[in-house]
Amino acid sequence: MKKIFFMLKFIWILLVGILTGLVCMVLAYMIPLSGQNANVQESLKILGDEGWYPTMPYVKEFTYDYREYLDSPATLDNYTDELMITIATLDPQGKYLHAAMVDYCPRYWCGFVAVLRPVLFFLDYGEIRMLNILVQMFLVMVLALLLYKRKGKIWCFWVVSMYALLTPYCMGMSMQNSCVFYIGMLGAVGLLKGERVFEHKNRHLYLFFILGIITVYFDFLTYPLFTWSFPMLVWIVIKNHRKWTNYIKDVILTGICWGLGYVGMWTGKWIVASLVLKTDIASLLMGRIELHSIYGGTEITFLANLVRNLEKWVNIQTTCILLAWSIWFCVMLIKRKGSIQTNKCLSFTLIGCGSLAWLFVMRYHTFIHAFFTHRVYCTAFCAILAACICMIEEETDRKAVSRKVLIPVMIFFYACMIGITLQCKVDFHFHNGDQPPRHILLEEGSTVLETVVPRYNDIKGVEIGLIADGVEGTFSIEIYDQMECLYQEEVSFSEVLDGKMYPLNMELQTGSKDLTLCVTVKECGNANGYVYVTDGVFPLTECSEALMDGNGLGGQITHSFDYLALPGLKTCLNYFSIIFGVFVLLIADGYGIVLIVRQKFRERKGGIMLKE
């Protein structure tokens with residue numbers, strides 16, 4: 001009976017959430033605000049001047065070169081912010097309930113309208129940004145002070161590190177990225193302020209259920225897992241269970257409750273929207289779910305998605321923060337003589353793995369929108385940092401280790417981490433900027449030569465512009481290191497009839513820094529073969545001027561190079577810090593499991609001896 005009553009409470013909370021959300025949307029649309037309002041016009045002007053995806057830390061105007069925002073770790077999603085303002089200023093024309101269903105974007109609740117529409121009545125977008133920055137800083141300070149009172153000053157730095165990892169200069173300037181942050185932060189503050197209330201009869205499960213409901217109400221599918229994982233990290237930090245299984249149980253139960261609230265509220269929108277709009281919203285949304293999830297991105301591997309989102313963390317604040325924490329951990333570990341507490345490590349690992357699970361399930365969505373979905377990694381990093389702090393700060397009765405043993409072990413561990421980091425090579429692509437080419441006729445028996453001094457030793461591929469006006473004939477492409485032929489490929493004229501930048505895929509490790517690229521035409525009959533040559537410019541620094549039969553052609557035939565090499569120092573330090581944290585947590589987990597198994601074995605052995 002108690003379990004039934006417990007479940008009925010969740011259903012009642014969900015129904016109240018759906019009704020409250022609907023009423024708030026209707027009341028918001030009753031506010032007399034249109035697109036002609038001065039604040040709305042100024043807001044749209046600001047967004048129009050910056051473009052859809054300007055990059056930070058300074059606001060760089062978007063030039064519709066989509067590589068800019070794909071490569072930048074700090075991109076403002078002005079496109080979605082403009083969409084939010086457009087939805088918030090729709091004219092309901094007296095149909096307030098119909099407007100609240102937002103048929104313009106039916107798959108989301110768009111609950112931000114309940115806040116944004118009244119705010120736009122008083123403030124424009126620039127003023128909203130400034131207010132957003134101030135409120136976020138205030139919340140970070142409040143949470144830091146609460147954790148300081150509850151757990152100590154080191155946790156203040158943990159909170160600040162969390163905010164810094166989220167690229168705060170980008171967070172404060174973007175409404176779309178802020179909704180999830182506010183929900184997660186308020187959830188964490190609520191747990192700290194009402195700890196005694198929430199720990200009684202597992203009432204914290206209701207809070208996480210409500211957090212799931214609020215998340216789907218406001219969020220545009222940015223990094224929603226933050227609203228579960230970050231408050232959960234705070235809850236694990238402040239609790240002092242004797243058994244490690246209690247922490248694991250909390251993580252699993254809160255995750256289920258959050259997920260049920262999220263899915264339940266989203267389903268509520270489908271049902272209400274279908275009834276009000278009298279359309280088959282469910283079929284539309286099921287199609288969108290299939291598209292954005294693992295089924296829509298079957299051609300995208302899980303590893304490729306992990307790497308794509310992780311690349312956005314290669315920035316100065318991530319490097320400095322993670323490296324500083326790894327140094328702190330090692331210093332404190334030496335001071336503690338290797339005596340650590342691992343009781344909470346498994347639960348922190350489970351929370352961190354939630355980020356990986358989200359990237360696996362929502363593979364397609366997180367791959368194409370990595371410029372904002374990468375923030376789901378934040379809680380994984382915060383989980384690692386929290387585990388490191390708890391290992392050092394929590395009291396333990398385990399024996400210390402001699403520094404004569406500990407320091408050599410740590411040196412060996414660091415050496416292993418450096419070795420692993422040096423294996424983290426990345427792809428580099430250099431091209432000629434799509435310079436307009438000239439077609440140079442390559443007669444049979446003639447050869448075009450170009451001297452190449454590679455930037456890196458490992459060449460993965462080269463592109464050369466080729467075109468033919470008939471099917472009879474072959475291009476012979478060779479790469480020499482002095483007199484030794486390192487690579488050879490035959491390209492039929494039929495493959496390049498329309499002209500193309502032909503890719504030469506190779507795995508070429510060059511010991512020499514002086515190579516020669518040769519292109520020759522053979523057996524062409526009545527057909528002609530041409531090579532593309534840049535017109536009087538030499539954009540690729542590794543290539544010389546192309547020569548044909550000893551005469552300069554006034555340009556280069558190579559269009560691009562692909563290399564595999566170690567990244568720069570900043571990126572290497574970033575990778576090292578991440579690898580270090582992951583391995584420390586895994587080793588602590590393994591150590592904790594060994595201690596648990598040993599304790600169980602001793603208890604069992606002691607029980608057998610008592611029976612005898």
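For reference, positions follow the sequence shown, starting with 1. Treat the numbers as computed from the prediction; the structure is a model and nothing was measured.
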Next item on the list: Evaluate the ring planes of Tyr217 and Trp109, with Trp represented by its six-membered ring, and classify them as parallel (under 30°), tilted (30 to 60°) or perpendicular (over 60°).
Entry: tilted

Check: Quick check: does any side chain N or O of Lys344 sit under 3.5 Å from a backbone N or O of Tyr247, one acting as donor and the other as acceptor?
Finding: no

Notebook entry, point to check: Under 3.5 Å, is there a donor-acceptor pair between the Arg363 and Thr301 side chains?
Noted result: no

Check: Using the ring of each side chain (for Trp, its six-membered ring), is Phe181 parallel, tilted or perpendicular to Phe226, with breaks at 30° and 60°?
Finding: parallel

Notebook entry, point to check: Do other residues, nucleotides or ligands put more than 12 heavy atoms under 6.0 Å from Phe302 CZ?
Noted result: yes

Check: Is the charged tip of Lys153 near the ring of Trp155: under 6.0 Å from the six-membered ring centre and within 45° of its axis?
Finding: no

Check: Is there a donor-acceptor contact under 3.5 Å linking the side chains of Thr366 and Trp358?
Finding: no

Check: Does Met30 CE have over 12 foreign heavy atoms under 6.0 Å away?
Finding: yes

Check: In terms of heavy-atom contacts, does OH of Tyr125 have more than 12 from other residues, nucleotides or ligands at under 6.0 Å?
Finding: yes

Notebook entry, point to check: Are Thr373 and Asn309 close enough that a side-chain donor and a side-chain acceptor fall under 3.5 Å?
Noted result: yes

Next item on the list: Kindly indicate whether a cation-pi arrangement holds for Arg203 with Phe198, taking the cut-offs as under 6.0 Å to the six-membered ring centre and within 45° of the axis.
Entry: no

Item checked: His369 versus Asp77, side-chain donor and acceptor atoms under 3.5 Å -> no

